[in-house]
There are 2 protein chains.
Amino acid sequence: MNQRKVPDVVIRRLPLYLRTLEILDPDEAPIISSEQLAKLVGTSSGQVRKDLSYFGVFGKQGVGYQIISMRMELRRILKLDQEIRVGLIGAGNLGAALVRYHQKNRVHQPLEIVALFDVDDKKIGRKIADVEVFDIGKLSSIIRNLDIKMMILTFPAANVQQVVDICIASGVKSFLNFVPVSLKVPAEVKLRTSDVTLELQSLAYYT
Amino acid sequence: MNQRKVPDVVIRRLPLYLRTLEILDPDEAPIISSEQLAKLVGTSSGQVRKDLSYFGVFGKQGVGYQIISMRMELRRILKLDQEIRVGLIGAGNLGAALVRYHQKNRVHQPLEIVALFDVDDKKIGRKIADVEVFDIGKLSSIIRNLDIKMMILTFPAANVQQVVDICIASGVKSFLNFVPVSLKVPAEVKLRTSDVTLELQSLAYYT
DNA sequence: TTATGTGAAGAGTTTCACAGCA
DNA sequence: TGCTGTGAAACTCTTCACATAA
């Protein structure tokens, strides 16, 4: 076991390990080796073992890893053994698509999108994939009432930083941002940005 | 100038520099320092200069960088000084949202989405944001005819690898993948995966 | 005997600091 | 003098290889 801070790259690989273990049927083969797991996720056995070593003992030497207990361990580490309430700001095309996508793919996932926010009166009060759209003016109070800890940002506005600041002040701990802007958050808050335009532009280099 | 292979991390930052330079008005101030640019994109001046140093001389020592000529240089490096034809497979919610998003955000961008592909008869022949939906059976011939070099993957199917292989054989050089699967591509092809479910799960760790 | 867990080596990336040019 | 361009140092992440435990 390695008690120093776990690198973000490692944290980002854990859900991939978990997903792979969830696809496997432990009744068929209850145990898997780092080599087999690595092959399935497309990495090396050394990396799998190194990643897991940050969190203590998982497997049996000379044997391998028990699929069922490893799943539970990974869920515990990732805090996916408890419900996490998620909000989404910007109920436009992309926002709606993401909600539907998430609802479809959330097989035993404790990440629950509980509120959407928008400025558009025509959208407020409606539901998208069973999730209500709230007035963004009520952002702060609803974050607190519903105990929202994670926020997805999919709105095309200029005042994103301001909205992010309100979220943080209201208790949001992490953001998945699809808005093409550079945002500042304090160290204890995690921000991940997915910028499709930048991705496409950088891919052009390899064309 | 540094003639060794440019790291992918560097390539991924270039579009961010470019975007920032495109927002600035060169009539106001035609020159920018690495320090100012760094502040705008949220990095350090050293990193800006180091990144640019992979591609030769850009600026004037003691002065800074000319905004207009730096834009042109960056566009040339990223191959954004020529039209690049892009396809998208999977004209569902997410696919349609991405097309609309791209059309809206593509201010002087030479990345043009020229074809959508789907298996659904009801969608084939229709247009989404002015782009025609084609039968996925015609994938190979249309990639060749329209000279598509980049492909966006947003379909929920099991045979993604097979489809990717067809694309590569037909001339596609890079992929932006939103399908939650591990894909294999040869070294000369660039694959970037954006997996919203994995992103959210890894963010849970920081909650 | 087999496959884990982990230090140590290696590779990759960022930061630093300063020489050099306008 | 001011800011770039860039080696070198510092840091981070990955790979390697082997002691260790079942």
Side-chain angles (χ1 to χ4, degrees), chain A residues 1-14 16-17 20-21 24 29-71 73-74 77 182 187 190 202 205, chain B residues 1-14 16-17 20-21 24 29-71 73-74 77 182 187 190 202 205:
Chain A
M1 162 106 86
N2 212 318
Q3 210 36 278
R4 58 183 159 140
K5 197 188 159 294
V6 183
D8 188 57
V9 271
V10 174
I11 298 300
R12 299 180 67 159
R13 280 192 293 264
L14 298 185
L16 194 50
Y17 300 152
T20 307
L21 292 171
L24 296 170
I31 293 195
I32 191 170
S33 70
S34 58
E35 189 66 48
Q36 293 171 298
L37 180 54
K39 203 159 199 175
L40 289 169
V41 308
T43 180
S44 69
S45 64
Q47 182 149 85
V48 170
R49 295 201 301 280
K50 192 70 171 177
D51 285 353
L52 298 176
S53 80
Y54 284 98
F55 306 98
V57 178
F58 277 71
K60 276 203 171 65
Q61 297 199 3
V63 181
Y65 301 89
Q66 259 222 303
I67 291 174
I68 290 176
S69 66
M70 199 175 170
R71 283 182 192 163
E73 276 299 295
L74 287 173
I77 292 164
S182 296
K190 193 76 189 176
S202 68
Y205 179 81
Chain B
M1 158 104 88
N2 213 316
Q3 210 35 278
R4 59 185 159 135
K5 197 189 158 293
V6 184
D8 189 57
V9 272
V10 174
I11 299 299
R12 298 180 69 159
R13 278 191 294 265
L14 298 186
L16 195 51
Y17 300 152
T20 306
L21 292 170
L24 296 170
I31 292 194
I32 190 170
S33 70
S34 58
E35 189 64 47
Q36 293 171 299
L37 180 53
K39 202 157 198 178
L40 289 170
V41 308
T43 180
S44 68
S45 64
Q47 182 150 84
V48 170
R49 294 201 303 278
K50 192 69 170 178
D51 285 352
L52 298 177
S53 80
Y54 284 97
F55 307 98
V57 177
F58 277 71
K60 276 203 172 65
Q61 297 198 2
V63 182
Y65 301 89
Q66 260 223 303
I67 291 174
I68 290 177
S69 66
M70 199 175 168
R71 281 182 191 163
E73 275 300 293
L74 288 173
I77 292 164
S182 296
K190 193 76 189 176
S202 68
Y205 179 82

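Atoms considered below: every heavy atom in the structure, side chains included; atoms not considered: hydrogens, waters and symmetry mates. Below, chains carry the letters A, B, ... as their sequence lines are ordered, and counting in each starts from 1.
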Practice problem: Take atom CZ of B/Arg49 and atom C1' of D/dG5, then tell me their distance rounded to the nearest Å. | Solution: 7 Å
Practice problem: Round to a whole Å and report the spacing from CZ of A/Phe55 to P of C/dG5. | Solution: 13 Å
Please tabulate the protein-to-nucleotide N/O contacts below 3.5 Å involving nucleotides 19-22 of chain C, giving atom names and distances.
from, atom 1, to, atom 2, distance (Å)
C/dG20, N2, B/Gln61, OE1, 2.6
C/dG20, N3, B/Gln61, OE1, 2.8
C/dC21, O4', B/Gln61, OE1, 3.2
C/dA22, O4', B/Gln61, O, 3.4

Quiz item: With respect to the phosphate group of D/dG5, does any side-chain polar atom (N or O) of B/Tyr65 fall under 4.0 Å of OP1 or OP2?
Solution: yes
Quiz item: Atom OG of B/Ser202 and atom CG of A/Asp8: how far apart are they, to the nearest 0.5 Å?
Solution: 7.0 Å
Self-check item: For B/Thr43, all residues meeting side-chain hydrogen bond (donor to acceptor under 3.5 Å, both in side chains), sequence neighbours excluded
Solution: B/Gln47
Self-check item: Nearest-Å distance for atom pair CZ/C1', residues A/Arg12 and D/dC13
Solution: 14 Å
Quiz item: Taking only N and O in the side chain of B/Ser34, is any of them less than 4.0 Å away from OP1 or OP2 of D/dC3?
Solution: no
Quiz prompt | Residue pair A/Val10 / A/Phe55, side-chain heavy-atom distance below 4.5 Å | solution = yes
Quiz item: What integer distance in Å separates B/Asp8:CG from D/dC13:C1'?
Solution: 15 Å
Quiz item: Under 4.0 Å between a side-chain N/O of A/Arg13 and OP1 or OP2 of D/dT14, yes or no?
Solution: yes
Quiz item: Among all residues two or more places apart in sequence or in another chain, which pass the side-chain hydrogen bond (donor to acceptor under 3.5 Å, both in side chains) test with B/Ser33?
Solution: B/Gln36
Self-check item: Stretch residues 39-48 of chain A: residues that reach within less than 4.0 Å of DNA chain C through a heavy atom
Solution: none
Quiz prompt | Along DNA chain D (nearest heavy atom to each residue), the more 5'-positioned of B/Gly64 and A/Asp51 | solution = B/Gly64
Self-check item: Residues which pass side-chain hydrogen bond (donor to acceptor under 3.5 Å, both in side chains) with A/Gln66, listed by chain and number, not counting sequence neighbours
Solution: none
Exercise. Quick one: pull up OG1 in A/Thr20 and CE in A/Met70 and give me the separation to the nearest 0.5 Å.
Key: 9.5 Å
Practice problem: Take the protein atom OH of A/Tyr54 and the nucleotide atom P of D/dT12, then report the distance between them rounded to whole Å. | Solution: 11 Å
Quiz item: Atom CG of B/Leu21 and atom CG of B/Leu74: how far apart are they, to the nearest 0.5 Å?
Solution: 6.0 Å
Practice problem: Would you mind reading off the distance between B/Gln36 atom CD and D/dG2 atom P, rounded to a whole angstrom? | Solution: 14 Å
Practice problem: Taking side-chain hydrogen bond (donor to acceptor under 3.5 Å, both in side chains) as the test, write out the residues that go with B/Tyr205, two or more places apart. | Solution: none
Exercise. Establish, with yes or no, whether the OP1 or OP2 oxygen of C/dA3 is under 4.0 angstrom from a side-chain nitrogen or oxygen of A/Ser33.
Key: no
Exercise. To the nearest Å, give me how far apart CG (B/Leu37) and C1' (D/dC3) are.
Key: 14 Å
Self-check item: A/Leu52 side, atom CG; A/Glu73 side, atom CD - distance, nearest 0.5 Å
Solution: 10.0 Å
Self-check item: Between C1' of C/dG5 and CG of A/Leu52, the distance in whole Å
Solution: 10 Å
